[in-house]
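Please read these numbers as outputs of a predicted model, since none were measured by experiment.
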Amino acid sequence: MRSRIVAILAALLVILSPATVAHAAADPLLDQLKAVPGLSIVSETSGTGYRFFVLTYRQPADHRHPGQGGFDQRLTLLHRASASPTVLYTNGYGLAASPRPSQTEPAALLAANQLSVEHRFFTPSRPAPADWSDLTIWQEATDEHRIVDAFRDILTGRWIQTGGSKGGMTSVYHRRFYPGDIDGTVAYVAPNDVVNPADTTYDRFFDTVGTADCRTALDDAQAEALRRRDRLVPLLEADAAAQGWTYDRTLGTADRSFELTVLDTVWTFWQYSSPADCASTPDAATATDQEIYDWIDGIAGWNFYTDQGLEFYWPYYYAAASQLGWPSLRFEHLRGLRKYPGLYTANSSLPPELRRIHNPVPMLDVDLWVRTASSQMMFVYGEYDPWSAEQFTPSRRDSALFVAPAANHGANIARLTPADNATATATLRRWAGVPSTLAPAKTADVPIDDMLDPRRR
């Protein structure tokens, strides 16, 4: 018995020895993260050459009144080396419910760390109770500014910001308000709706994209769906009853949801498809009701314009209605077939209490700043992408715009022409302060994030 006690005491002495304690505590990164006021570590995993953290960071609900409540903004950190560049990825929407390691194209090209930010008001990064007037581009930019300040002493290399679509817009807005935070921005397929009603650029896009035969087939199928409204809406109502879809909070009726989904079909086709997919368009003269219904479901999804489909996106539609703007199309080929002329607006997808009057000033301000005062800004657009029709115009201050031929909303640097690819990659690496010959970071357990709307993932 005595010998057993001696052995236990000896083991405790080893565990409690200064060398053992020092070894156990030798995790500078973890210590630095834990020392950041307001930062909480939710989980940590690791893989070959990286550590991955899910985090939350305490933010004021209103940065102008920081003492009046706050919320925990969700972040993830893909950490490779503290002295490497860091890519700030502004998602524009919410992060995945259970975040997993991934990297954006700039993070791969730079072998960089990546700090990914969930946009305020996407759950769970929402104040409770929520004052929706706190959802503005300045408030979100200030969220990101505080995050950069909090991590600057931990991630000591240069900082690059990126995002796709709405996340690309968010990356631009951050630079507008805090231009000194970041060393360079790569905004992918980021629309720039400067004057909200002035959307003839979108109409010109749909008048010229792809081939004439493809455009005609799509327009005819879209029009035919509206002509068969009396037969197709019952199919939608039957699906809604079977799936538990409702319309009470937003659009009000299945008929309104039907029309909005049909209006979205051609846009969504070009956003995610290509001319090669035109062959799957049903012939308006011979297709059955079910064939047209199924075709629209495969492109736009009948489940989207429902209470259940839209709720996740309320922060986007609120921002679009109040500040960002939205595309307004003529739909000349659908004259006489629409029942709800004012339906194609951001407010239609919001519950009544969140609908807002549009304020044109923020987008005019951002557009002027990008054109005249911004620097180190790169914009990448897709030739077949409708969201790429209204583009930012970069200044002449070390900035550039590239269009990926035959690419849709998934346009990226890899899909540029070889010459543009080389120029864009060299520019990005120069901004980040890494060698032009650096090998991209490619690991099977850290896939490339295409940064697209989670609806299409």
Side-chain angles (χ1 to χ4, degrees), residues 57 59 63 73 75 85-93 104-107 109-110 112-120 135-152 155 157-194 316 319-320 323-325 361-381 387-388 390-402 411-413 424 427-433 451:
Y57 184 60
Q59 296 277 18
H63 289 284
Q73 189 167 29
L75 320 171
T86 294
V87 170
L88 179 66
Y89 168 33
T90 45
N91 183 278
Y93 295 94
T104 58
E105 184 180 52
L109 290 173
L110 301 173
N113 308 306
Q114 180 169 299
L115 191 59
S116 304
V117 180
E118 184 166 70
H119 198 289
R120 63 165 41 213
L135 177 53
T136 67
I137 61 172
W138 179 83
Q139 294 280 6
E140 172 61 24
T142 307
D143 289 342
E144 295 155 22
H145 173 65
R146 292 186 74 246
I147 290 167
V148 172
D149 275 355
F151 281 85
R152 182 79 74 184
L155 306 171
R158 293 188 187 178
W159 285 63
I160 300 295
Q161 188 165 3
T162 196
S165 194
K166 182 174 178 290
M169 297 158 71
T170 304
S171 72
V172 175
Y173 306 151
H174 177 197
R175 288 294 299 281
R176 163 64 186 97
F177 295 110
Y178 300 98
D181 280 357
I182 302 296
D183 298 292
T185 297
V186 183
Y188 293 85
V189 294
N192 178 34
D193 204 339
V194 186
Y316 161 67
Q323 292 189 318
L324 307 184
V361 174
M363 294 304 101
L364 290 167
D365 170 75
V366 170
D367 176 71
L368 179 63
W369 178 81
V370 171
R371 290 171 180 268
T372 61
S374 68
S375 61
Q376 290 79 48
M377 302 284 289
M378 183 186 302
F379 298 94
V380 179
Y381 292 105
W387 289 110
S388 294
E390 288 201 347
Q391 302 173 354
F392 282 96
T393 301
S395 74
R396 297 180 180 180
R397 300 168 182 260
D398 193 15
S399 297
L401 185 152
F402 300 99
N412 57 16
I413 291 173
T427 299
L428 172 61
R429 288 176 169 172
R430 174 171 56 80
W431 290 345
M451 299 184 284

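No side-chain heavy atom of His119 sits under 4.5 Å from any side-chain heavy atom of Thr90. Between Met378 and Val186 there is a side-chain heavy-atom pair separated by less than 4.5 Å. Counting only heavy atoms from C-beta outward, the side chains of Met377 and Ile182 never approach each other to under 4.5 Å. Within the 4.5 Å cutoff, the side chain of Met169 has heavy atoms near those of the Pro191 side chain. Side-chain contact check for Leu364 versus Val194: some heavy-atom pair is nearer than 4.5 Å. Side-chain contact between Ser395 and Thr372 is absent, with no heavy atoms from C-beta onward closer than 4.5 Å.
A distance-only check finds a donor-acceptor pair linking the side chain of Gln391 to the backbone of Ser388 [under 3.5 Å].
The two atoms that bring Trp159 and Leu155 nearest to each other are NE1-O, 3.2 Å, heavy atoms only. When all heavy atoms are compared, the tightest approach of Ser399 to Pro394 is CB-CB, 3.8 Å. In plain terms, the two heavy atoms of Val87 and Pro106 that are nearest each other are CG2-C, 4.0 Å. Looking at every heavy atom in both residues, Tyr381 comes nearest to Ala190 through OH-O, 2.8 Å. Scanning all heavy atoms of the two residues, the minimum distance from Arg152 to Gly180 falls at NH2-O, 4.2 Å. Nearest heavy-atom pair, Pro85 versus Ala112, reported as atom, atom and distance to 0.1 Å: O-CB, 3.2 Å.
Taking CZ from Phe402 and CG from Asn412, the interatomic distance works out to 13.0 Å, rounded to the nearest 0.5 Å. Taking OG1 of Thr170 as the reference point, atom CG of Asn91 lies at 8.5 Å (rounded to 0.5 Å). Within the model, atoms CG of Leu75 and OH of Tyr57 stand 9.0 Å from one another, a figure rounded to the nearest 0.5 Å. Rounding to the nearest 0.5 Å places OH of Tyr173 at 8.5 Å from NZ of Lys166. To the nearest 0.5 Å, the span separating OG1 on Thr86 from CZ on Arg158 amounts to 13.0 Å. The distance from atom CD1 of Ile160 to atom CG of Leu109, rounded to the nearest 0.5 Å, is 11.0 Å.
Every residue two or more places apart in sequence or in another chain that forms a side chain to side chain donor-acceptor pair (under 3.5 Å) with Asp398 is listed here: Gln376, Arg430, Trp431. Every residue meeting the side-chain contact (heavy atoms from CB on, under 4.5 Å) condition with Asp143, not counting sequence neighbours, appears here in chain and number order: Gln59, His63, Phe71, Gln73, Arg120, Glu140. The side chain to side chain donor-acceptor pair (under 3.5 Å) search around Thr142 returns Tyr178, not counting sequence neighbours. A search for ring-ring contact (aromatic ring centres under 6.0 Å, His included) contacts involving Phe379 returns Phe392, not counting sequence neighbours. Remark: Phe151 pairs with no residue by the ring-ring contact (aromatic ring centres under 6.0 Å, His included) rule, at least two apart or across chains.
With respect to Gln323, the side-chain contact (heavy atoms from CB on, under 4.5 Å) criterion is satisfied by exactly one of Val361, Ile137, Val366, Asp193: Ile137.
For residues 180-191, every residue pair satisfying the side-chain hydrogen bond (donor to acceptor under 3.5 Å, both in side chains) rule, not counting sequence neighbours, is listed here: Glu105-Tyr188, His145-Asp181, His174-Asp181, Arg175-Thr185.
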